[in-house]
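Here's the structure, in structure tokens; my notes come after.
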Protein chains: 2
Amino acid sequence: MQRAGFSFVVQATDRHSAARASTFHTPHGAVDMPAFMPVGTQATVKGLSLDALAQSGTQMMLANSYHLALRPGEEVVQALGGLHAFCGWDGPILTDSGGFQLFSLAQNTTITEEKAVFRSHIDGMRLEVSPERAVAIQEALGSDVAMVLDHVVSLPNDTAIVRDAAERSLRWARRSQRAQTRGDQALFAIVQGGLDPKLRVDCARELAEMDFPGYAVGGLSVGETPSQMYDVLDVTVPAMPADRPRYLMGVGRPEDLLEAIRRGIDLFDCVLPTRNGRNALAFTAGGPLRLRNLQYARDVRPLEPDCPCAACRHSRGYLRHLFLAGEMLGPMLVSLHNVTFYQRLLSAARGAIVGGGFNTFADEKLRCLGSLGI
Amino acid sequence: MQRAGFSFVVQATDRHSAARASTFHTPHGAVDMPAFMPVGTQATVKGLSLDALAQSGTQMMLANSYHLALRPGEEVVQALGGLHAFCGWDGPILTDSGGFQLFSLAQNTTITEEKAVFRSHIDGMRLEVSPERAVAIQEALGSDVAMVLDHVVSLPNDTAIVRDAAERSLRWARRSQRAQTRGDQALFAIVQGGLDPKLRVDCARELAEMDFPGYAVGGLSVGETPSQMYDVLDVTVPAMPADRPRYLMGVGRPEDLLEAIRRGIDLFDCVLPTRNGRNALAFTAGGPLRLRNLQYARDVRPLEPDCPCAACRHSRGYLRHLFLAGEMLGPMLVSLHNVTFYQRLLSAARGAIVGGGFNTFADEKLRCLGSLGI
């Protein structure tokens, strides 16, 4: 099905890796890829004003259907003009389907072929979601990109369980696709299959035949090691259509982004920059800073001397003070810095791809980044 | 003592009241008065970025010496370049002396003629502050305007206790003045005297003879009724020098500001706009809105249609959602709106004074404001 206002153009492919520079056009504007979407779980990126979000270099944000359907309810968002008017972000927005939250957050989740039944993590109310309902919620929200409902399981796990979930995810993807009624929303499919290379490839190929406008790798960052994740990408990405955006869901650390870009991923989302920002951990090119440490008490330097974000107008000493004093401005500023750090990293990665030297760029960045230890 | 970079110019006095429009010049810029200082207790106005603070129309902010001396310590602020560099606010800053916090926040405060001894509200450490020490702290912080240490008591109270505190405040004012060493910081005196008209007038006159560059009315908003406070202003303000800024400390509600301006007050500070903002109460010209109320769930209107603040780009429904979802952006936005509301109110008051119709303006505003109920 043709989607009005959507197109995907690959501008450059790296000579020595699968990395690529591309632009994804949506009805709410273009996204230069590789791109990182800050997570606006409840239609706000925690601690960031709209101005701050724009200043960070963000082009596209993510919002969570599960959370918004529970509170305030997708019909309230719709009554207030849809997700863009609701939160005031006029750029592209992607909503997830709730599949991951059914696995990670909802209580007493029971999944049958027809639907998932669960209890709200907010008030324990018994609720259910089917592939059709997940599409209906996202159509009411009015995001630019919607995701199919998928069945997520923890890793490592029994082969039979992983296979069953992956096969159900395929059937649910088809049902999600059939349920679509809006012509101005792109529905992305999600490749499942755990750590099983054959299952991942089969899943990717079967979804490719269904002709979705974009494809995600799901079910990662759920207990596996980074190297297991990279192994999954090594086999899965080549089986995903090259002429569609490839989205790695819920990942991750700066080093994960670089390793995934190297393997051909175009799009990311993750709570790490904002969650860590709220906890006084600042990302820098030289490795993370834990701002509560005494060593920063009289440190007049900004987090990063070349960073244009509002946090970097301040000294590390002031930022430390804000956290020790329990002031909101600490989480606000360091979240902004961290999102800006991610956007600058991906923007530089894009430049390196266009310039033909992504592998060298990534190796150098990885050497300096240090370990996040998380 | 002449202070470099300070001057006070009265541009207009209202025909039918004591209200006046003036400009107070400081080394960090001018303040058009009547003016409202948002409270940056710990060198940050809670929930407001520097950009937001500037966008609110704020020209001068307040910071609390008591809090900053306890954490991070004034010597740390000094090591990080002084208060302006520390918090990044390049405009005028006033610091209070800690007198009010000794009364309201510190534990086991004992006041002798020499000094106050108390325990920190943070960790119970035994500390002391004298008039000389309060000046030294504020000189280390490097604010534009410092306040003398005063002895604050609750109201109503025994005449003897109020008189003793007021007389000590006079002696402490003189000691504070003698302790000053910086030529680029203006030290304001504080009129005490509780609800006793004669004591207030005597106190004001005695301080006037000491020739301070500015005068405050202190010891209000500590238990008395609004009408008792207005009565105190009626007798006190005329006894304060007309050629110096007059500052009403820690007050208050929008209606209090209008009533105090009418009586000749030029400068205010109060936590109400930010504290209420964090609690989902939005000030508007038509009265306060309590945003948690169900009636706002699908309300597409902004808080105020003519307000230029970032909160007013959003619907009341979205703001309500942010509070119910526990998102930081709710307190951030409504605090910004409330500070903007205060600044717009005082800016309009200034315009009315210059235009010669302040009393009519104030009566009309008071009629519409409704009751805050706090």
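Chain A is the first sequence line, chain B the second, and so forth, proteins listed ahead of strands; every chain is numbered from 1.
Each of A:Gly81, A:Gly73, A:Cys87 has some count of heavy-atom pairs under 4.5 Å with chain B, and the biggest count is that of A:Cys87. Put simply, of A:Leu322, A:Thr41, A:Val76, the one with the most heavy-atom pairs under 4.5 Å next to chain B is A:Val76. For chain A, the option among B:Met332, B:Glu327, B:Lys46 with the highest count of heavy-atom pairs below 4.5 Å is B:Glu327. Taking chain A as the reference chain and counting heavy-atom pairs below 4.5 Å, the highest number among B:Arg71, B:Arg278, B:Arg313 is found for B:Arg71.
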Item to complete: Could you go through the ring pair (Phe, Tyr, Trp, His ring centres under 6.0 Å) check for B:His321 and A:Phe86 one step at a time?
Response: CA-CA 10 Å; B:His321 160 70; A:Phe86 182 62; 5.1 Å; yes

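With a threshold of 4.5 angstrom between heavy atoms, B:Ala43 approaches chain A through its backbone and through its side chain. With a threshold of 4.5 angstrom between heavy atoms, B:Ala297 approaches chain A through N, CA, C or O but not through any side-chain atom. For a residue to count as touching a neighbouring chain, one of its non-hydrogen atoms must lie under 4.5 Å from one of that chain's; by this rule B:Leu68 touches chain A with the side chain only.
Rounded to the nearest 0.5 Å, atoms CG (B:Leu333) and CG (A:Leu50) are 8.0 Å apart. Atom CE of residue A:Met328 and atom OG of residue B:Ser49 lie 11.5 Å apart, to the nearest 0.5 angstrom.
Of all non-hydrogen atoms in B:Ala325 and A:Gln42, the two that sit nearest each other are O-NE2, 3.1 Å. Between B:Ala79 and A:Val300, the shortest heavy-atom contact is O-CG1, 4.0 Å. Between B:Leu329 and A:Leu48, the shortest heavy-atom distance links the atoms CD1-O, 3.9 Å. The minimum heavy-atom distance linking B:Tyr318 with A:Thr44 is given by the pair OH-CB, 3.5 Å.
Contact annotation: the side chain of A:Arg298 never approaches that of B:Gln78 to less than 4.5 Å [non-hydrogen atoms, C-beta and beyond].
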